[in-house]
Chemist: 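Submitted below is the structure of interest, expressed as structure tokens.
In this chain, numbering begins with 1 at the start of the sequence shown. Remember, predicted model here, so these are calculated numbers, not experimental data. Each ligand, and each atom within it, is numbered from 1 in the order the structure gives.
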Amino acid sequence: MRILLVGAPGSGKGTQAELLSSALGLEHISSGDLLRGHVARETAIGRSVQEFVRRGDLVPDSIVMDMLRKPVVEAADSGGYILDGFPRTVQQAQAAYDTARTLGVQVQVAVHLDVPEEELVRRLLARGRGADDTEDVIRHRQRVYQEQTTPMLGYYSDREELITVDGTRSPEQVHATILEQLEKVRPRLEGTEA
Ligand code: AP5
Ligand code: MG
């Protein structure tokens with residue numbers, strides 16, 4: 001299965017991706033984790049993205065597209081993937097679809113984790129991941145999500161590929177709901193396996 005997790009910063013994408021990865025045996029691919037890895041290792045990619053990540057702005061599409069092409073295709077070939085944080089704009093979704101469709105590795109279902117903003121801010125302040133978990137940057141990341149990512153929900157719902165889940169309950173409850181919802185759409189997904 002090829003799944004995309006969509007949700008605001010702090011909605012639980014990483015948490016749910018790990019749970020789904022264990023439950024379904026799918027590769028977890030997080031654009032944010034990969035970018036932070038590059039920044040930590042001070043690679044060429046890391047140097048070009050570090051200011052965007054620190055400010056909570058999206059990094060340029062070409063960088064994320066180039067970084068993710070290989071891991072996505074490899075994961076799709078070995079049984080499927082859970083994408084966490086990419087695509088996150090309509091443009092990225094369209095570009096990823098155009099590239100992936102010819103190889104039969106496009107997203108089959110997008111799972112939207114719905115959580116109100118005050119809860120998101122509370123979770124991220126409590127986590128304190130680093131430079132991008134200060135209150136100002138957290139608020140800015142929420143605005144970037146509202147402006148640049150929420151339009152992408154329409155892109156997937158228009159294609160009847162969107163599941164929305166209440167992300168405010170415990171991680172285990174959210175996980176169980178996602179599994180139930182995926183089970184319901186599985187027969188339809190099998191028709192789009194290629
Ligand atoms: P990214 O790493 O994707 O971060 P994000 O979207 O800001 O989301 P987070 O990782 O902060 O939250 P999450 O939804 O994964 O929640 P988590 O499970 O950790 O992106 C970072 C940056 O990289 C971007 O700002 C941008 O610069 C760049 N970038 C990444 N992808 C890009 C792209 N495609 N294009 C351009 N730029 C890109 O949970 C958060 C906290 O809440 C944790 O402490 C967790 O324990 C807790 N929690 C989780 N679930 C629950 C629950 N159900 N109840 C209570 N607490 C919970
Ligand atoms: Mg995350």
Chemist: Return the CG to NE2 distance between Asp33 and His28, rounded to the nearest 0.5 Å.
Modeler: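 It comes to 6.0 Å.
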
Chemist: Looking only at protein heavy atoms, which one is nearest to atom 15 (O) of ligand 1, and how far off is it?
Modeler: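 Protein heavy atom at minimum distance: Gly14 N, 2.9 Å.
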
Chemist: Should Leu35 and Met67 be marked as a side-chain contact (heavy atoms from CB on, under 4.5 Å) after you check the CA-CA gap, both sets of side-chain angles, and the distance that decides it?
Modeler: CA-CA 9 Å; Leu35 289 168; Met67 181 181 78; 3.7 Å; yes

Chemist: How does Asp57 reach ligand 1, by side chain, by backbone, by both or by neither, if only non-hydrogen atoms under 4.0 Å count?
Modeler: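 Contact part for Asp57 vs ligand 1: backbone (N, CA, C, O).
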
Chemist: Is the contact between Ser30 and ligand 1 made by the side chain, the backbone, both, or neither, using heavy atoms and a 4.0 Å cut-off?
Modeler: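 For Ser30, there is no contact with ligand 1 at all, from either part.
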
Chemist: Please determine whether a side-chain nitrogen of the Lys or Arg among Glu118 and Arg139 lies less than 4.0 Å from a carboxylate oxygen of the Asp or Glu.
Modeler: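 Answer for the salt bridge query: yes.
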
Chemist: Report, in ascending order of atom number, the atoms of ligand 1 lying under 4.0 Å from any heavy atom of Leu35.
Modeler: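 So the answer, numbered in order with elements, is 23 (O), 28 (C), 29 (N), 30 (C), 38 (C).
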
Chemist: Under 4.0 Å from any heavy atom of Ser170, which atoms of ligand 1 are there?
Modeler: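 Reading through ligand 1 atom by atom, the close ones are 53 (N).
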
Chemist: Please name all residues satisfying salt bridge (charged side-chain N to carboxylate O under 4.0 Å, His left out) with Asp77, sequence neighbours left out, ordered by chain then number.
Modeler: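 Applying salt bridge (charged side-chain N to carboxylate O under 4.0 Å, His left out) to Asp77 gives none.
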
Chemist: Identify which of Val53, Asp166, Val6, Leu34 has a heavy atom lying nearest to atom 22 (C) of ligand 1.
Modeler: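 Ranked by closest heavy atom to atom 22 (C) of ligand 1, first place is Val53.
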
Chemist: Any salt bridge between Glu74 and Lys70, counting N to O under 4.0 Å?
Modeler: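 The answer is yes: the pair qualifies as a salt bridge.
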
Chemist: Using heavy-atom distances only, which candidate in Arg123, Gln16, Arg88 approaches atom 3 (O) of ligand 1 most closely?
Modeler: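 Heavy atom nearest to atom 3 (O) of ligand 1 belongs to Arg88.
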
Chemist: Just let me know how Lys13 lines up against ligand 1, side chain, backbone, both or neither, with a heavy-atom cut-off below 4.0 Å.
Modeler: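 Both backbone and side chain.
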
Chemist: Starting from atom 46 (O) of ligand 1, which protein heavy atom do you reach first, and at what distance in Å?
Modeler: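 It is Thr15 OG1, 4.3 Å.
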
